[in-house]
Amino acid sequence: MPSAPNGRPGVTAVVTAHNYGRFLFGSVQSALSQDGVDAKVVLIDDCSSDETPSVTSELERNPGVVAMRNENNLGLVRSFNRGLEWVDSEYVVKLDADDLVPAGAWARATSLLEMHPEVAFVYGQPLNFTGPPPAFVPGPAKSWTMWAGHDWIAGRCRSGANVISQPEVVVRTAAMREVGGLPGDGPTATSDMNLWLRLASIGDVARINGTCQGLYRVHEASMLRTSAAGIVCDLEGRRGAFAAALAAAAGALPGARDLNITACRSLAATALDEACRAYDRGRTEDWPVEDLVAFARETCPEARELKEWKQLEHRRSVGARRARWHPPFFADAVARRISDELCRRYWLRSGEW
């Protein structure tokens, strides 16, 4: 795959900021400094009370930045969709104010999008970081992968997992508008996953492999640590994303109902496996075991038939105090840690889980 597109395609980042002034300058500059594309930023100050307005005023001096301020706090979803109305480029990026775009990411993504007009969006390998941004220069892409949209959705339903962080995604603006922008008023993580599934229902999906395409900042105020925190909350969000996206795509996507059933079964199995982990780690007192079981039963009517249900029943019969040291469960815990690490490495390499 070429590392630069033909010409200079337009890419606009829609950046929404609420009291993230301390991160905002770096995020916007990482977008504007992208080589090989005509980079622009639409910046929405969502009624911030920190230094965001002054940072926005400074950034607005750049001719590539359009900035506006919400009179009332609208939240990330409505703020993004307001900014989307101002996008006039061929490609758009949803970039949170605390995330960054590594050098060359947009050139690599638009190159692939130019080669395959049937692709609705491109993602890649993200890098999570805390503290100062990592100092490195991403190398060229080693390969790329493309899925038919239906196949990509089916893979997500089988695993029940969201494989995208977010700053690593470049979307065709026409596709973003066709699905109605960022959907819903729920948790942002739910809206994001809903969006990827909807986009895959109208086009193919591609991934750039072997190099970093987005920098995801983890800090005390980030979604990963606050509103999206908690395993039950995360599972409920994913369930809502699958249900909403597959309902919206039901008219055009073959087997949407069966795909949703598959997703619910996968999510129920994940919840029960998390409950098993609580026994294996001796954390039944501070882990929401009963909430996880209730989620599984609510999500999948056949939850009792899952192997994870039988595994949990076995642990309950042994008892919370003894389960952690019970040899078969101890072996399961070790095998699970190895499996988790292998899955993580596979996700980094392939973009699938």
Side-chain angles (χ1 to χ4, degrees), residues 13-35 39 41 43-46 48-59 62 65 67 75-76 79-80 93-109 123-141 161-170 187-189 191-193 208-231 233-234 237 286 337 340-341 343-349 351 353:
V14 177
V15 180
T16 59
H18 177 67
N19 293 340
Y20 269 13
R22 62 195 184 279
F23 302 127
L24 185 57
F25 191 86
S27 179
V28 171
Q29 287 299 321
S30 75
L32 294 176
S33 62
Q34 291 294 301
D35 293 329
V41 171
L43 174 56
I44 313 293
D45 175 6
D46 193 18
S48 299
S49 57
D50 66 348
E51 67 271 27
T52 296
S54 61
V55 176
T56 299
S57 296
E58 182 178 352
L59 289 168
N62 189 302
V65 176
L76 195 151
S79 294
F80 173 83
V93 172
K94 178 179 177 288
L95 181 63
D96 287 347
D98 52 344
D99 293 337
L100 301 165
V101 186
W106 289 359
R108 290 186 290 270
Y123 69 113
Q125 179 179 321
L127 175 63
N128 291 7
F129 72 98
T130 57
F136 75 105
V137 177
N162 182 11
V163 296
I164 294 175
S165 298
Q166 181 196 283
E168 70 272 28
V169 182
V170 178
T188 305
S191 297
D192 287 345
M193 188 174 181
I208 295 169
N209 304 320
T211 189
C212 178
Q213 286 291 109
L215 296 170
Y216 184 88
R217 189 192 303 266
V218 180
H219 56 93
E220 292 305 318
S222 65
M223 291 290 181
L224 192 63
R225 297 283 183 88
T226 56
S227 61
I231 182 62
C233 176
D234 177 60
D286 58 357
R337 284 196 293 270
D340 287 348
E341 178 59 21
C343 286
R344 187 189 72 83
R345 294 186 182 189
Y346 180 69
W347 167 65
L348 288 173
R349 186 174 69 253
W353 192 275

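- Remark: D99 engages no residue in a salt bridge (charged side-chain N to carboxylate O under 4.0 Å, His left out) (not counting sequence neighbours).
- The shortest heavy-atom contact between N162 and M193 is CB-SD, 3.7 Å.
- The minimum heavy-atom distance linking C212 with R108 is given by the pair O-NH2, 3.3 Å.
- Side-chain contact check for L24 versus T56: some heavy-atom pair is nearer than 4.5 Å.
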query = Can you list the steps and then say if L32 with V41 is a side-chain contact (heavy atoms from CB on, under 4.5 Å)?
reply = CA-CA 7 Å; L32 294 176; V41 171; 3.8 Å; yes

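- Residues forming a side-chain hydrogen bond (donor to acceptor under 3.5 Å, both in side chains) with S33 (at least two apart in sequence, or on another chain): none.
- One N or O on the side chain of D50 and one on the backbone of G21 form a donor-acceptor pair closer than 3.5 Å.
- Taking the side-chain hydrogen bond (donor to acceptor under 3.5 Å, both in side chains) definition, one finds that N19 meets it with S49, sequence neighbours left out.
- Partners of F25 under the side chain to side chain contact (heavy atoms under 4.5 Å, CB included) rule, at least two apart in sequence or in another chain, are Q29, V55, E58, L59.
- Remark: side-chain polar atoms of Q213 are not paired, donor with acceptor, to backbone N or O of Q125 under 3.5 angstrom.
- Remark: D35 pairs with no residue by the side-chain hydrogen bond (donor to acceptor under 3.5 Å, both in side chains) rule, at least two apart or across chains.
- Remark: P140 pairs with no residue by the side chain to side chain contact (heavy atoms under 4.5 Å, CB included) rule, at least two apart or across chains.
- Q34 contributes a side-chain N or O that, together with a main-chain N or O of W106, makes up a donor-acceptor pair within less than 3.5 Å.
- The minimum heavy-atom distance linking S79 with I44 is given by the pair O-CG1, 3.7 Å.
- Applying the side chain to side chain contact (heavy atoms under 4.5 Å, CB included) rule to S30 yields the partners L100, V101; only residues at least two apart in sequence or on another chain are considered.
- Taking both residues in full, the closest heavy atoms of S27 and A97 are given as CB-O, 3.3 Å, listed atom of the first, atom of the second, then distance.
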query = Under the side-chain contact (heavy atoms from CB on, under 4.5 Å) criterion, do D46 and T16 qualify, and how do the steps go?
reply = CA-CA 7 Å; D46 193 18; T16 59; 5.7 Å; no

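- Within the model, atoms CZ of F23 and CG of D96 stand 11.5 Å from one another, a figure rounded to the nearest 0.5 Å.
- In this structure, the side chain of Y123 does not engage the main chain of V163 through any donor-acceptor pair within 3.5 Å.
- Residues that satisfy the salt bridge (charged side-chain N to carboxylate O under 4.0 Å, His left out) test with R337, not counting sequence neighbours, are absent from this structure.
- Evaluation of the side chain to side chain contact (heavy atoms under 4.5 Å, CB included) rule for D340 yields R277, R336 as partners, not counting sequence neighbours.
- Of all the heavy atoms in V170 and A109, the pair that sits closest is CG2-CB, 3.6 Å.
- Not counting sequence neighbours, the partners of S48 by the side-chain hydrogen bond (donor to acceptor under 3.5 Å, both in side chains) test are D45.
- Of all heavy-atom pairs spanning P167 and S165, the tightest one is CD-C, 3.8 Å.
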